[in-house]
Amino acid sequence: MTQLDDVIRQLQFDRITGQLTGLTQSRPGGELAARLVPSFEWAEVGQWLDETGEGLKVLSRYDPYLAEVSDICDLAVQAEKGGVLSGAELIRVRGVLSAAARLRRWLKDDLGDVPRVAARLTCLSACPDLAESIDQAIDGDGEIKDSASPQLARLRSAIAAQAGRIRNKLDEMVRSPSWQRWLQEPIYTMRNQRFVLPVKAEHRRSVRGIIHDQSASGATLFIEPE
């Protein structure tokens, strides 16, 4: 056992870091707190105490709200290599940028009595252009907005129009007596993101199309008609 291990054991330092971890708001903050170890360097100890004092002053004035902060180092590396981030991953990035922007706004206040905290805030970048781009393209659920690009808006509009025409045609089909005799019910539904009709199995050859599913009993086939 090293001297440091012995000190940690005698001080029950794991209980201290455990309590500190429980007070953190973000996962990265909790992981950082859990990894803390004592120092034998007086200068370093003094610096940490000064930083802690400044931190208490700041917390008495502001509520930082860092719960939305997550570790995005892996996402930054992925993006730097040209990788594509999902909508959910971009929401994680946006949360970090929002927190950075709030902390940066503190710099507009008088932070002369907390120079160490001010110096750390100065290093933060809120990347406002990136934040605006994410807001324009991704909604709160991580889904891509129509406003992400004019081409996407046009494509989605065309898809919606085509889906409307398909529904109208299916409405005509299920109301038609000639079709109703082949259907288990006069309805249409979705299977594998395709519109299908519930066709009686014995009338399979009467309805030309693609079978996407069947009922547990096998009595009904869900067919996308041609």
Taken to the nearest 0.5 Å, the spacing of Ser133 OG from Asp129 CG works out to 6.5 Å

Take Arg165 and Gln162 through the test side chain to side chain donor-acceptor pair (under 3.5 Å) and record every step on the way to the result. CA-CA 5 Å; Arg165 289 191 289 270; Gln162 179 68 1; 2.7 Å; yes

Could you tell me which non-hydrogen atom of Ser26 sits nearest to which non-hydrogen atom of Val69, and how far apart they are? CB-O, 3.4 Å

Can Val77 and Lys81 be said to form a side chain to side chain contact (heavy atoms under 4.5 Å, CB included), step by step? CA-CA 6 Å; Val77 171; Lys81 293 179 178 179; 3.8 Å; yes

Would you check if Glu31 and Thr24 make a side-chain contact, meaning some heavy-atom pair closer than 4.5 Å? no

Heavy-atom neighbours of Arg208 CZ exceed 12 at 6.0 Å: no

Between CZ of Arg181 and OG of Ser206, what distance do you get to the nearest 0.5 Å? 7.5 Å

Taking all non-hydrogen atoms of both residues, which atom of Glu41 and which atom of Ser39 are closest, and how far apart? N-OG, 3.1 Å

So do the side chains of Leu85 and Gln78 get within less than 4.5 Å of each other, counting heavy atoms only? yes

Determine, using the 4.5 Å side-chain heavy-atom cutoff (strictly less than), whether Phe40 and Phe13 are members of one ILVMFWY cluster. yes

Mind running side chain to side chain contact (heavy atoms under 4.5 Å, CB included) on Arg204 and Ile211 for me, showing each step along the way? CA-CA 9 Å; Arg204 165 66 187 93; Ile211 299 176; 3.1 Å; yes

Do Leu197 and Trp179 make a side-chain contact, defined as non-hydrogen atoms from C-beta onward lying under 4.5 Å apart? yes

Where the side chain of Arg116 meets the backbone of Ala119, is there a donor-acceptor pair that is under 3.5 Å apart? no

Should we say atom CZ of Arg120 is surrounded by more than 12 heavy atoms from elsewhere, each under 6.0 Å from it? no

Going through the distances and angles, do Asp113 and Arg61 end up as a salt bridge (charged side-chain N to carboxylate O under 4.0 Å, His left out)? CA-CA 12 Å; Asp113 60 337; Arg61 305 173 193 171; 2.3 Å; yes

To the nearest 0.5 Å, atom CZ of Arg102 lies from atom CD of Glu68 at 4.5 Å

Value for CD (Gln47) from OG1 (Thr52), rounded to nearest 0.5 Å, stands at 10.0 Å

Does Arg92 use its side chain to pair, donor to acceptor, with the backbone of Asp71 at less than 3.5 Å? yes

So do the side chains of Ile134 and Val93 get within less than 4.5 Å of each other, counting heavy atoms only? yes

If hydrophobic clusters are built by linking Ile, Leu, Val, Met, Phe, Trp and Tyr wherever their side-chain heavy atoms come under 4.5 Å apart, do Met190 and Val207 end up in the same one? yes

Please answer: with hydrophobic residues joined when any side-chain heavy atoms are less than 4.5 Å apart, are Tyr62 and Leu124 in the same cluster? yes

Just by distance, with hydrogens left out, do Arg94 and Ser98 show a side-chain donor and acceptor under 3.5 Å apart? yes

Sub-3.5 Å donor-acceptor pair from the side chain of Gln184 to the main-chain atoms of Ala219, do we have one? yes

If you compare all heavy atoms of Ala126 against all heavy atoms of Ala131, which two are closest, and at what distance to 0.1 Å? O-CB, 4.4 Å

Please report the interatomic distance NZ(Lys145) to CG(Asp135), rounded to the nearest 0.5 Å. 6.0 Å

Check whether Gln180 reaches the backbone of Val174 with its side chain - one donor and one acceptor, N or O, closer than 3.5 Å. yes

Is it the case that over 12 heavy atoms from other parts of the model lie below 6.0 angstrom from the CZ atom of Arg15? no

Taking Glu54 for the side chain and Val117 for the main chain, is one N or O donor matched with an acceptor at less than 3.5 Å? yes

Do side-chain atoms of Ser215 reach the backbone of Thr220 as a donor and acceptor pair under 3.5 angstrom? yes

With heavy-atom distances below 4.5 Å as the criterion, would you say the side chains of Thr189 and Arg191 are in contact? yes

Looking at every heavy atom in both Pro28 and Ser70, which two are closest together, and how far apart are they? CG-C, 3.5 Å

Run the salt bridge (charged side-chain N to carboxylate O under 4.0 Å, His left out) test on Glu224 and Arg194 for me, step by step, so that the C-alpha distance in whole Å, both residues' side-chain angles and the decisive distance to 0.1 Å come before the verdict. CA-CA 7 Å; Glu224 178 187 2; Arg194 310 292 291 187; 2.8 Å; yes

Glu143 side chain vs Ile138 backbone, donor-acceptor pair below 3.5 Å: no

Provide the closest heavy-atom pair for His203 versus Val199 in the form atom of the first, atom of the second, distance. O-CG1, 4.0 Å

I need the minimum non-hydrogen distance between Val58 and Trp106, along with the two atoms involved. CG1-CZ3, 3.2 Å

For residues Leu170 and Ile187: do they belong to one hydrophobic cluster (side chain heavy atoms under 4.5 Å, members Ile, Leu, Val, Met, Phe, Trp, Tyr)? no

Do Val96 and Leu90 sit in one hydrophobic cluster, given that two such residues count as connected whenever their side-chain heavy atoms are within less than 4.5 Å of each other, even indirectly? yes

For the atom pair CG (Leu221) and CD1 (Ile210), what is the distance rounded to the nearest 0.5 Å? 13.5 Å

When you compare the side chains of Ser147 and Gln136, does any donor N or O come within less than 3.5 Å of an acceptor on the partner? no

State, yes or no, whether a side-chain contact exists between Ile144 and Leu152 at a heavy-atom distance under 4.5 Å. yes

Is the backbone of Lys169 close enough, under 3.5 Å, to the side chain of Glu172 for a donor and an acceptor to pair up by distance? no

Can you classify the ring geometry of Phe195 versus Tyr188 as parallel (below 30°), tilted (30 to 60°) or perpendicular (above 60°)? perpendicular

Report, as yes or no, whether the 6.0 Å neighbourhood of atom CD on Gln10 holds more than 12 heavy atoms from other residues, nucleotides or ligands. yes

